[in-house]
Amino acid sequence: MASTLRGMVWQPPDSIDTALDDLLEMRQMGVRVIRTPVIADTLLLRAADLLGIAFYQDLPIANLPAPRLIDTLAFAERELMEMLRRAGRFRSARHFGLAQYVDTSDPQARSYFERLVELIRTQGPAGSEAYYLSRFPNDDLCDRTVDFVLLDARQADPVVLLRQWSRRHETPAGIGAFGAPLRPGKEGGWLEVGTPSSQARTLENGLGSILDEPNMPTALFIYRWRDAKGGGSGLNQRARVEGVVFGLNGPVVYSLDRPALEVVRGFFTATQRVFAFDAGNAGSETRSAALMVLIGWLLLMGMGMVYWIAPRFGPLSSKYFVRHDLYRESIQRGYDLDAGLNAVIGIVLSLAGAVVGGSSLRALGRTDTLSTAVSSWSLEAQTRLNQLLGEPFLLILLLALCYGLWLLFNILWLFFLAGRRHRVRAQQALTLVVWSRWAVLVLMVCAMILAALPPKAATALSPVLLFIWLCVEIVATGRMLNDFGHVTRVPMQRAILLGYGAPLGVITVLLLVFFVGGQAELGFLWHLATRN
């Protein structure tokens, strides 16, 4: 690997002593370049100069479509000028990552990189270089503005990525992140995904294949040196959703070193290329979405128990699905109505809707889709979303609360539609709202299947599931309003037109705001789907 810079992705710890120990140990294992966030601590920069290590510092700009990228130019210029001033005093700080995973397949993004590279050329010290991390090995249109480009190989074959790039581009390319996921606490041989041995074997095979390539990358960064507290970077959405880590070390102590560390040490110091690990038995990969599947099964079994235990559930359900006219008459006259039973059904439906929404969001979060969709949010908001996606139980509770509020809104809306002339009792309104939404349980079963699919398939199908859910809500609202008109004697025109009009008007306004305000993000998502 003589012509390839050997590097590591590193998040500097809060403790300066730990950070200095990290730098020393990385230097001893052959690391010469380290990809980091912006480093303002001059003590770390001075230590890197003494150790002969170069920092490749990434500006905090990620996952943006081209128009949003242009909007951040003023902020990027200020940050870059600070970095350039420090670079004049430290040789280790002369490599500048201008953006991460932005839409470089859009030619509008060129002006952003051209402006920042011009600053580096005119204001930076000798030896300064510019790069960015790209998601588009085939369709990148901004590569000629920088010195080299880095590609993300955490979920891809690095050699395949480099070959794709070289077929379309003349700009040098490197691997910005190459690693293998590790499920904390999982043990076994390398045949079982997520074990320390599996992580080590993946790195061994990947590094070996890169060494055998005629055209080796400009730089190779292993992802990553140490597991950060809380599961990693706030922007590392995929790792949070999957419940995995990538570090060669544990969070704090060196006694948690993993076999992958020895593999990287062997390749980087050119002392060892072949390693022996116990193969173990091939096992199925577990997913952190198992909690949602479990909740789904509990809800289905709970509804089965309610059917057998609650005396009024069976008669009313038979009327709803078989003799709908008798169902309306039961509500009108108050037969077979049970406020407690209907409240339980409402809670079950809220949880079922939460499973549908949670599975869809986590499916989008297992790829780049969701991080791109929320790229205009603040970093703090994105971090909170990622933390929520990594906690399925909390996500279910929050979404269940939201869907429960939607059901409550429908109940209050029926009271408004009835007015003073056509009164509706709370028990009647509750029954009309919850019994019209049984299809949500069917969607929940589909969401349980979605949670078990591979990431790409789940991401492709989750928008379809959400669209079907929207259609189900529209149909359920129509059924509810139709039953409401028959039960309360409210004129059907008022029940349907006014009942549909206000909610659909609000939804239409929200959709228009979303499509107009999120046009840039939608374009980026389209590019990811068709060009990535």
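- In plain terms, the two heavy atoms of Leu337 and Gln428 that are nearest each other are CD1-CG, 4.4 Å.
- Remark: side-chain polar atoms of Arg183 are paired, donor with acceptor, to backbone N or O of Glu242 under 3.5 angstrom.
- In this view, Asp483 and Arg328 satisfy the salt bridge (charged side-chain N to carboxylate O under 4.0 Å, His left out) rule, not counting sequence neighbours.
- A side-chain donor-acceptor contact under 3.5 Å links Thr367 and Thr369.
- Of all the heavy atoms in Ala109 and Asp103, the pair that sits closest is CB-O, 3.8 Å.
- Glu521 meets the salt bridge (charged side-chain N to carboxylate O under 4.0 Å, His left out) test with Arg68; sequence neighbours excluded.
- Note: His324 and Tyr327 have tilted aromatic rings, judged against thresholds of 30 and 60 degrees for the angle between ring planes.
- Remark: Phe75 CZ is packed, more than 12 non-hydrogen atoms of other residues, nucleotides or ligands lying under 6.0 Å away.
- Screening Phe178, Phe246, Trp10 for a ring-ring contact (aromatic ring centres under 6.0 Å, His included) involving Tyr223 leaves a single residue, Phe246.
- The two residues Leu161 and Pro137 come nearest to each other via the heavy atoms CD2-CG, 3.9 Å.
- Under 4.0 Å is where a charged nitrogen must lie from a carboxylate oxygen, and between Glu391 and Arg240 no such pair does.
- Between Arg384 and Trp377 there is no side-chain heavy-atom pair separated by less than 4.5 Å.
- Looking only at distances, a side-chain donor or acceptor of Gln57 sits under 3.5 Å from a matching main-chain atom of Ile39.
- Without hydrogens or angle criteria, Thr459 side chain to Ala363 main chain gives a donor-acceptor distance under 3.5 Å.
- A heavy-atom distance below 4.5 Å is not found between the side chains of Pro13 and Arg226.
- Ring orientation note: the planes of Trp406 and Phe409 are close to parallel, at an angle under 30° on the 30°/60° scale.
- Every salt bridge (charged side-chain N to carboxylate O under 4.0 Å, His left out) that Arg333 has, sequence neighbours left out, goes to Glu329.
- Scanning both residues, Arg425 and Ile331, for their nearest heavy atoms gives NH2-O, 4.4 Å.
- A donor and an acceptor atom, one from each side chain of Tyr101 and Asp152, are located under 3.5 Å apart.
- In this structure, Phe313 and Trp438 have perpendicular ring planes: the angle between them is above 60°, well past the 30° mark.
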